[in-house]
Each structure stands twice: as structure tokens, then as C-alpha cells.
2 protein chains.
Amino acid sequence: MTVTIYDVAREANVSMATVSRVVNGNPNVKPATRKKVLNTIQQLGYRPNAVARGLASKKTTTVGAIIPDISSIFFSELARGIEDIATMYKYNIILSNSDQNKEKELHLINTMLEKQVDGIVYMGGVISEDHINQFQTASVPVVLAATVDQTETIPSVNIDYEEAAYEATNLLIDHGHQHPAFVTATEETEMNNQKYAGYLRAIKENNNEVKEERIIKGDYSYDSGIEAIEQLIALENRPTAVFVASDEMALGVIHGAQDRGLDIPNDLEVFGFDNTRLATMVRPTLSTIVQPMYDIGAVAMRLLTKYMNKEEVTDQSIILPHRMIERNSTKSE
Amino acid sequence: MTVTIYDVAREANVSMATVSRVVNGNPNVKPATRKKVLNTIQQLGYRPNAVARGLASKKTTTVGAIIPDISSIFFSELARGIEDIATMYKYNIILSNSDQNKEKELHLINTMLEKQVDGIVYMGGVISEDHINQFQTASVPVVLAATVDQTETIPSVNIDYEEAAYEATNLLIDHGHQHPAFVTATEETEMNNQKYAGYLRAIKENNNEVKEERIIKGDYSYDSGIEAIEQLIALENRPTAVFVASDEMALGVIHGAQDRGLDIPNDLEVFGFDNTRLATMVRPTLSTIVQPMYDIGAVAMRLLTKYMNKEEVTDQSIILPHRMIERNSTKSE
DNA sequence: TTGAAAGCGCTAACAT
DNA sequence: ATGTTAGCGCTTTCAA
């Protein structure tokens with residue numbers, strides 16, 4: 001039924017080894033025989049079986065990617081970066097959603113190891129001891145993308161979230177807002193902690209006592225941005241600037257404020273985080289922190305290839321540069 | 001180094017066959033031995049090798065998903081539907097981006113077949129003869145998702161794009177606009193053709209001569225929406241309503257119009273297509289055609305499982321229902 | 001209920 | 001430059 005390397009060998013009057021050599025581009029084949037083999041491969045419509053190859057060679061040229069939610073505009077951009085570099089290095093991606101659910105995450109890691117992936121790019125929230133243990137049992141390299149592991153055990157690619165949040169908050173303070181509000185998320189990930197820490201640092205450096213009521217926790221969704229700004233507006237002393245931990249929530253904040261009759265940025269300045277495509281798809285356009293999602297994915301995958309090839313790696317915790325981009329949701333000087 | 005089924009068998013004093021049976025949940029194992037085996041699996045930290053299993057059983061429990069661009073808000077939603085159902089049926093997904101590039105598409109199909117996927121969910125634009133041939137050489141089932149094959153050779157899941165476009169155009173006509181404009185895309189996919197046909201049908205039924213200058217072709221991007229509306233506004237006789245073939249372009253149209261001082265919907269009514277999350281993330285919120293992306297992905301994957309299990313399939317071309325949702329970018333009665 | 005053994009299709013020494 | 005052969009780790013008859 002299906003054509004195997006054996007069939008090709010027989011038809012071409014060579015050994016399996018020779019066929020294998022031409023299929024794998026091994027130079028130790030006489031051009032004439034190579035041609036002959038190539039021909040009969042063509043004729044028989046032979047298609048190498050990657051599973052058999054994987055078993056024999058102990059390499060599958062596929063890597064696992066565990067992602068919270070591929071339908072998120074943030075993660076899908078990351079995934080694209082991963083995939084492009086994977087393709088460049090001839091790897092395929094097994095992609096699975098974890099919904100940041102610990103059980104699922106652990107289970108997925110296991111499944112991917114069963115499938116003998118050559119490496120894993122992991123995106124998630126909390127990196128627990130269990131995760132690290134699971135990673136250790138893997139005989140393959142793992143790289144975290146946009147995911148911070150406070151123990152620094154696992155190689156990772158991130159930006160400096162603390163510093164970025166600090167800068168954004170400071171910009172708002174510089175615009176004359178004594179104590180900008182902060183809309184963040186409930187999940188206690190290290191990334192969120194860092195953003196929070198950066199915000200706090202800026203507030204405190206400004207000699208402010210931290211007003212807890214100006215810190216609202218959402219869930220990174222647009223709707224939770226709307227809810228957050230409504231709570232903020234309801235405050236006795238409503239803030240005149242908000243730093244929001246994601247662009248999607250920031251759009252919610254902007255629209256929620258506009259729906260209540262506020263003018264952005266005159267009544268309320270809004271600063272986002274991520275610079276997803278959403279940031280320019282809103283009026284006024286959103287000032288935000290540029291987090292290079294695509295690059296994080298790409299660099300993470302590139303790093304993984306180095307580990308998979310057992311290349312020397314100088315820096316296992318890569319921090320990519322971020323920057324602020326001021327658009328129209330904040331005032332210009 | 002790595003623990004194999006053989007090691008487990010030896011330690012547990014049973015045969016490999018028995019270990020295989022308990023791993024695969026075969027009931028023909030005495031509870032006592034099952035327990036014994038399970039214990040030593042635990043002890044040794046045995047992890048079944050899915051590649052070996054795949055070679056022996058000729059099933060990999062992984063399916064291929066070929067997608068134009070995972071970072072698109074439209075396709076990533078589809079992908080999530082596919083993945084969720086795949087997980088439900090214990091399949092993993094190999095996900096690859098094609099960028100609608102024919103070479104890449106054909107190459108990806110081949111790669112996935114080499115990897116011995118049990119089936120393929122395909123999303124793309126033009127389904128050429130080459131595609132169909134390629135699919136035929138596959139010994140595994142293929143299902144198209146949000147992708148129409150005019151020859152109806154390959155099973156598929158879609159909505160009725162022609163009818164949907166017709167309805168949307170008609171709504172605009174009913175609102176008193178003699179000849180709404182149409183912003184579509186240049187690529188000549190069957191899906192686009194259907195949308196175009198629906199638009200034309202509505203225009204013609206309204207006894208209009210088709211004004212070509214009111215049909216603008218973009219590339220489904222936000223920016224091309226902006227460009228499109230600028231062209232339309234520049235027209236001598238500018239249209240007062242636009243039907244746009246995707247939500248993302250529709251946002252561009254809305255913002256482009258607003259930037260030119262037009263009021264939506266009073267000066268210009270805008271109707272979108274897809275009902276991506278973007279539709280509610282804009283002011284005014286976007287009236288649009290509800291295309292159930294997630295469901296299309298989910299149903300496509302479900303259909304694929306039926307083929308993979310060799311179940312009876314009654315309907316190989318599934319048309320899911322669509323509907324219109326009127327929000328604030330069009331006038332209410 | 002359990003075991004023995006023959007593959008699955010390929011790679012990778014090793015030999016020639 | 002080419003061939004031989006022993007696995008890779010598992011499933012699956014077939015026997016017992």
C-alpha cells in the first residue's frame with residue numbers, strides 16, 4: 001500500500017542505506033546513483049515516514065509550544081514569532097492551549113514529552129516548583145517566552161516589566177498626575193508582580209502614600225477594563241490618569257470613560273501595555289509600552305534551537321528592550 | 001537512560017505485551033497484575049514513547065492544521081475551536097502558517113503527511129487543482145474550515161457567504177441608501193467571490209446599475225480600511241453607507257471616516273463581517289455579520305474525527321448558520 | 001489472562 | 001561509494 005524506503009531501494013537496485021543517504025542529502029553518493037534513486041522516488045511517489053525516522057534517529061524535528069490562549073491577540077502574535085523561526089530551522093510546532101490551568105499545563109508538558117518533541121517553548125503564568133520539576137524530568141530543553149521564573153532556573157526571554165511599568169507610571173506623574181491609577185490583573189504571576197512593583201516604585205518615589213483604591217484588578221479582558229474605569233470614576237476623588245497593564249483592558253478603559261462622557265486625554269490620560277495592534281485601532285490612539293511580542297517568540301525559538309543543537313549559550317535569561325510610544329491617549333508636551 | 005516498556009516488563013515480571021495492555025487500558029488484565037505494573041511504571045517513571053507507538057500502530061493521534069496566519073484575530077479564534085475539540089478527542093495539533101502562499105501550502109501538506117498526521121484541517125484561500133491532488137494523495141482525511149472549494153470535492157465547514165453579504169447589503173438599502181459601497185479584498189478566493197456575488201445580487205435587485213467606483217479592494221487589514229474610506233470620501237458622489245467584508249477593515253473605515261469629520265452612523269453607516277471581538281471594541285460599536293469562527297473550527301475538527309474514526313458522515317459540506325447583529329454603526333429603526 | 005515474536009520504516013554504525 | 005544489519009520502543013497477532 002504505502003511505499004517504503006525498501007521499495008525504493010529494490011526498484012532502484014540499491015540498498016536502503018543509499019536511499020536513506022539521498023533522502024537526507026548525504027554527499028557520499030555518486031551523482032549517477034543519486035539521480036537514479038531520485039527518479040524512482042518520484043515514480044513511486046515515495047514519502048519518507050517521519051515517525052519511523054524519529055524512532056530511529058531520536059529526533060522528531062518538532063517542538064512543543066504551550067500557550068495560555070491562542071485566540072488572545074497578545075499570544076497569537078508571540079506564536080507567530082515562534083512558528084516563523086521554527087520553520088526557518090525546519091521544525092514543526094505542536095501547539096496547545098493551557099488556559100493558565102496548572103493541571104493542564106503539567107499534563108501538556110507530559111504529553112509533549114511523550115510525543116518526543118525536541119524542545120518546548122513554554123508560555124504561562126505562575127511557574128511553580130511542580131513545573132520546574134516537570135521540566136527537569138524532560139531530557140529536552142525548555143525555554144520560557146514572555147513568562148518569568150523568579151528562580152531563574154529555566155532559560156527565558158522577556159522584557160523588564162518592572163522597569164517598563166515604572167517608566168509608564170512616571171510619564172503620567174510627569175504629566176502632573178500625583179497618583180495615577182493602576183489597572184492590573186488578579187492572577188499572581190511574576191510578570192504581574194513586576195508590573196505592580198514598577199508602578200509602586202514610581203508612586204513612592206513621588207512621595208505618595210499608596211492609595212489602594214486606585215489599584216483595580218481585572219482579568220486582562222476588554223470588559224474588565226470597562227468595569228475598572230467605572231469603579232475608578234465612582235471614586236470620591238477620581239484619578240485623572242490610568243496606567244493599564246494591557247492594551248485590551250486599556251481600550252476598555254478608554255471606551256468606558258468615553259461612554260461616561262469623559263474626554264481622553266483631557267479628562268483622563270490612559271497608558272497601555274504591550275502595543276498590540278489594538279493600540280492603533282482605537283480613537284484616540286493608545287500610548288503604550290512596546291513589548292515586542294513577535295520578537296520574544298522568535299528569540300525564544302532561536303534560543304531553543306541553540307540548546308537543541310547543543311550550542312554554547314552565553315545568556316540563558318534574555319531581556320529584550322522595551323520602549324514607550326506616546327500616541328493620543330496621553331497629552332503631548 | 002530512558003525507561004522503556006521492556007524495563008517495566010522486566011521489573012514487574014510480566015511481558016511487554018502485558019505492560020502495553022495496562023498502558024492502553026485493555027481490560028484483559030487481572031487487577032492484581034495491573035496494579036503491580038502500574039506501581040513499577042510509577043517507580044521507574046516510565047513515559048510511553050508516542051513515536052514508537054505511532055510507528056507500530058500507524059496512528060499518531062495528531063492532526064495537522066494549516067492556517068493562513070495565526071496572528072490574525074479571525075484565524076486565531078478558529079484555531080482555538082479546532083484545538084479545543086482536538087483536545088477533547090485526545091488529539092494534538094501541528095499548527096503551521098501558510099500566508100496563503102500556494103507553494104507553502106502545498107509544502108506544508110506534504111510535511112504533515114510525512115509526519116503521519118491522522119488528518120488535516122485546512123484553512124486557506126484559493127483551492128486549486130494542485131491542492132486537491134495533493135489532498136487526494138493523502139491517505140488521511142482532510143476538512144476545510146472557513147474555506148470554500150467550489151468543486152465540493154473536499155469536506156468543509158462554512159457559512160453561506162453569498163447570502164450573508166446579500167442580507168447585509170439589503171439592510172443598508174432598506175435604510176435608504178440606494179447604492180451602498182463595498183469594501184472587499186483583492187484576493188480571488190471563492191469566499192470573496194461569494195461575498196461579492198451577494199452584494200451584487202442585492203444591488204441589482206434594487207434596480208441599480210452597479211457603480212464600480214463604489215467597490216474598493218483592500219487586503220483585509222485595518223489600514224486598508226482607512227485607505228478604502230478615503231477613496232470613497234474623495235468620490236464626487238460619496239456613498240452614505242458601506243458594507244465591509246471584514247471587521248478589521250470596518251474599524252479602519254469607521255476611524256478613517258471619523259478622522260475626516262464624519263459622524264457614524266449619521267453621515268455614514270458601516271456594516272462589517274465576522275463579528276470578531278473587535279466589533280464591540282470600537283465606538284460606535286460595529287453592526288456586523290456573525291460568523292461563528294470558533295464553531296467553524298470546532299465543527300470542522302469534529303467532522304474530521306468522524307472521518308478518522310471511519311464513522312458514517314451524512315453531510316460533507318456543512319453550512320453553519322449566520323446572522324446579522326445591529327449595533328451602533330448603523331441606524332436603528 | 002498472559003507471553004512470544006514478528007514487524008512498523010527508518011537510521012547509523014560497521015564493513016566492504 | 002555502497003551494502004549489511006542491528007536496533008529504535010512499541011503494538012499486535014497468535015499461541016498457550
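First the proteins, then the strands, lettered A, B, ... as listed; each starts at 1. These figures come from a predicted structure and were not determined experimentally.
Residues A:N101 and A:E103 have side chains that never bring a donor and an acceptor to within less than 3.5 angstrom of each other. A donor-acceptor pair shorter than 3.5 Å can be found between the side chains of A:N24 and A:S20. Defined by atom type and a distance below 3.5 Å, a donor-acceptor pair is missing between the side-chain atoms of A:R21 and A:N28. There is no side-chain donor-acceptor pair under 3.5 Å between A:S96 and A:K104. Checking A:Q291 against A:Y161 by side-chain atom types alone, a donor-acceptor pair falls below 3.5 Å. Defined by atom type and a distance below 3.5 Å, a donor-acceptor pair is missing between the side-chain atoms of B:Q43 and B:E11. Remark: the B:Y220 side chain and the B:N192 side chain contain an N/O donor-acceptor pair separated by less than 3.5 Å. At a cut-off of 3.5 Å, with distance as the only test, a side-chain donor of A:D69 or A:S71 sits close to an acceptor on the other residue.
Between the NZ atom of A:K58 and the P atom of C:dA13 there is a distance of 12 Å, rounded to whole Å. At whole-Å resolution of the value, NZ in B:K36 and P in C:dT1 are 15 Å apart. Protein atom CZ of A:R47 is 17 Å distant from nucleotide atom C1' of C:dC10, rounded to whole Å. Rounded to a whole Å, the CG atom of A:L55 is 12 Å from the P atom of C:dC10. If you take NZ of B:K115 and C1' of C:dG9, they are 16 Å apart, rounded to a whole angstrom. Rounded to an integer number of Å, the gap from B:L113 CG to C:dG9 C1' is 16 Å. As a whole-Å value, the separation of A:K59 NZ from C:dC10 C1' is 15 Å. Taking atom NZ of residue B:K30 and atom P of nucleotide C:dG3, one finds them 10 Å apart after rounding to whole Å.
Of the two residues near DNA chain C, B:R34 and A:P48, the one whose nearest nucleotide lies more 5' is B:R34.
Between A:S15 and the phosphate of D:dT2, there is no side-chain N or O to OP1/OP2 separation shorter than 4.0 Å. Residue A:T33 places no side-chain N or O under 4.0 Å from the OP1 or OP2 atom of D:dA1. Taking only side-chain nitrogens and oxygens, A:T18 never comes nearer than 4.0 Å to OP1 or OP2 of D:dT2.
At a threshold of 4.0 angstrom between heavy atoms, the contacts of B:N28 include nucleobase atoms, whether or not backbone atoms are also involved. B:N26 comes within 4.0 angstrom of nothing in the nucleic acid, heavy atoms only. Within 4.0 Å of A:V14, counting heavy atoms only, lie sugar-phosphate atoms of the nucleic acid but no base atom.
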- Query: Once each nucleotide of nucleotides 11-16 of chain D is scored for protein heavy atoms under 4.0 Å, what B/S/- sequence comes out, 5' to 3'?
  - Reply: BB----
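With respect to the salt-bridge test (charged N to carboxylate O, under 4.0 angstrom), the residues A:R80 and B:D99 qualify.
With sequence neighbours left out, the side chain to side chain donor-acceptor pair (under 3.5 Å) criterion links B:T33 to no other residue.
Rounded to 10 degrees, the angle between the two end axes of the helix from C:dT1-D:dA16 to C:dT16-D:dA1 is 30°, with five pairs used at each end.
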